[in-house]
Amino acid sequence: MRYDLVIFDNDGVLVDSEPISNRHLAAYLTELGHPTSYEDSIREYMGSAMHRVHDLVLERTGQRLPADFDDVFHARVFAAFERELKPVAGAGDVLEALTARGVPYCVASSGSHERIRVGHRTTGLDRWFDDARIFSSQDVGRGKPAPDLFLHAARQMGVAPERCVVVEDSPLGVRAALAAGMDVVGYTAMTPAERLSGANELFSDMGELIGLLD
């Protein structure tokens, strides 16, 4: 394989959480008086850390979200995860193939450590990720599209950025990976290909991924 480290985004790439979380985010923002459709949420917030939600609402309305916004939102989403969350089809097969080949991998997500662990535990993907392979925007000062998170993950894994490839499904994530000097493959299962046009390669089925990395 031509890379020394595969860095996975989490939401939408490993766990099929984006429909759940964006549905609840749109509903909660609307409930608070900031009308937001599911499509709005996908377009504006998919792949971003929670501070982007706060920043955009403040910028557009001059109003701050409630102090407990994140806690209430996560409580709703985690409860929905327990009922509905599934792994992305084929994600386990990819992780198994990388493990069999001895290729290092990790996850670098805009979500919190708690969100990552809840998602992995619920879907059974926790068997593939110990603490040393999990990185969150909580670990750095700036989330995607800044390159900080991906650079932090590479540094902690002991791999030069140019030897890394990122698997992403959001425009913000693609921008972050490119800013970090890494190759990036864009997963188009939920995101239109044209929105990930900066990626080095595009794919729509996890069964295609290993072939793109060889």
Side-chain angles (χ1 to χ4, degrees), residues 6-32 36 38 41-42 44-55 57 65-96 98-99 104-144 148-150 152-153 156-157 166-170 172-173 176 187 189-191 206 209:
V6 182
I7 304 176
F8 291 94
D9 176 44
N10 190 56
D11 293 293
V13 171
L14 295 175
V15 296
D16 194 16
S17 53
E18 293 291 10
I20 299 170
S21 59
N22 282 283
R23 187 174 73 242
H24 282 275
L25 179 58
Y28 189 25
L29 286 171
T30 301
E31 178 185 320
L32 292 172
T36 305
Y38 172 78
S41 184
I42 290 286
E44 296 175 353
Y45 302 122
M46 181 173 161
S48 67
M50 288 301 294
H51 67 76
R52 178 177 170 86
V53 182
H54 291 264
D55 292 346
V57 169
L65 292 171
D68 65 349
F69 178 87
D70 290 12
D71 291 338
V72 172
F73 170 67
H74 284 128
R76 294 181 182 186
V77 168
F78 293 168
F81 280 2
E82 297 289 349
R83 297 189 302 268
E84 306 173 44
L85 189 63
K86 296 184 176 1
V88 167
D93 295 335
V94 170
L95 295 169
E96 186 170 5
L98 292 176
T99 300
Y105 62 86
C106 65
V107 61
S109 171
S110 293
S112 66
H113 279 282
E114 183 183 13
R115 178 184 173 120
I116 297 167
R117 284 170 171 79
V118 168
H120 288 185
R121 185 180 66 249
T122 303
T123 59
L125 293 181
D126 54 343
R127 61 176 292 206
W128 302 108
F129 292 95
D130 56 22
D131 289 348
R133 296 178 189 262
I134 296 176
F135 305 100
S136 161
S137 62
Q138 289 180 311
D139 303 330
V140 296
R142 300 180 298 168
K144 306 169 189 178
D148 305 35
L149 176 56
F150 290 138
H152 171 70
Q156 293 299 309
M157 296 292 290
V166 177
V167 185
E168 263 288 354
D169 71 331
S170 76
L172 293 176
Y187 182 45
M190 272 194 65
T191 308
M206 276 294 161
L209 180 57

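Starting from 1, each residue takes its place in the sequence as its number. These figures come from a predicted structure and were not determined experimentally.
Remark: the Ser21 side chain and the Arg115 side chain contain an N/O donor-acceptor pair separated by less than 3.5 Å. Side-chain atoms of Asn10 and His120 include a donor-acceptor pair closer than 3.5 Å.
The OH atom of Tyr105 sits 9.5 Å away from the CG atom of Leu14 when rounded to the nearest 0.5 Å. Distance check: Gln138 CD to Ile116 CD1 gives 7.5 Å after rounding to the nearest 0.5 Å. Summarising the geometry, atom CG belonging to Asp9 is positioned 3.5 Å from atom NZ belonging to Lys144; distances are rounded to the nearest 0.5 Å. Distance check, rounded to the nearest 0.5 Å: CZ of Arg133 to CG of Leu95 gives 9.0 Å. Rounded to the nearest 0.5 Å, atoms CG (Leu29) and CG (Leu65) are 6.5 Å apart. Taking NE2 of His51 as the start and OG of Ser110 as the end, the distance is 7.5 Å to the nearest 0.5 Å.
Ring planes of Phe78 and Phe81: tilted class, angle from 30 to 60°.
Of all heavy-atom pairs spanning Tyr45 and Arg52, the tightest one is CE2-O, 4.1 Å.
Between the side chain of His74 and the main chain of Asp70, a donor-acceptor pair closer than 3.5 Å is present.
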* Steps toward salt bridge (charged side-chain N to carboxylate O under 4.0 Å, His left out) verdict (Glu82, Arg121) -> CA-CA 10 Å; Glu82 297 289 349; Arg121 185 180 66 249; 3.7 Å; yes

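Paired with Ile20 under the rule side chain to side chain contact (heavy atoms under 4.5 Å, CB included), one option of Leu85, Leu25, Asp11 passes, and it is Leu85.
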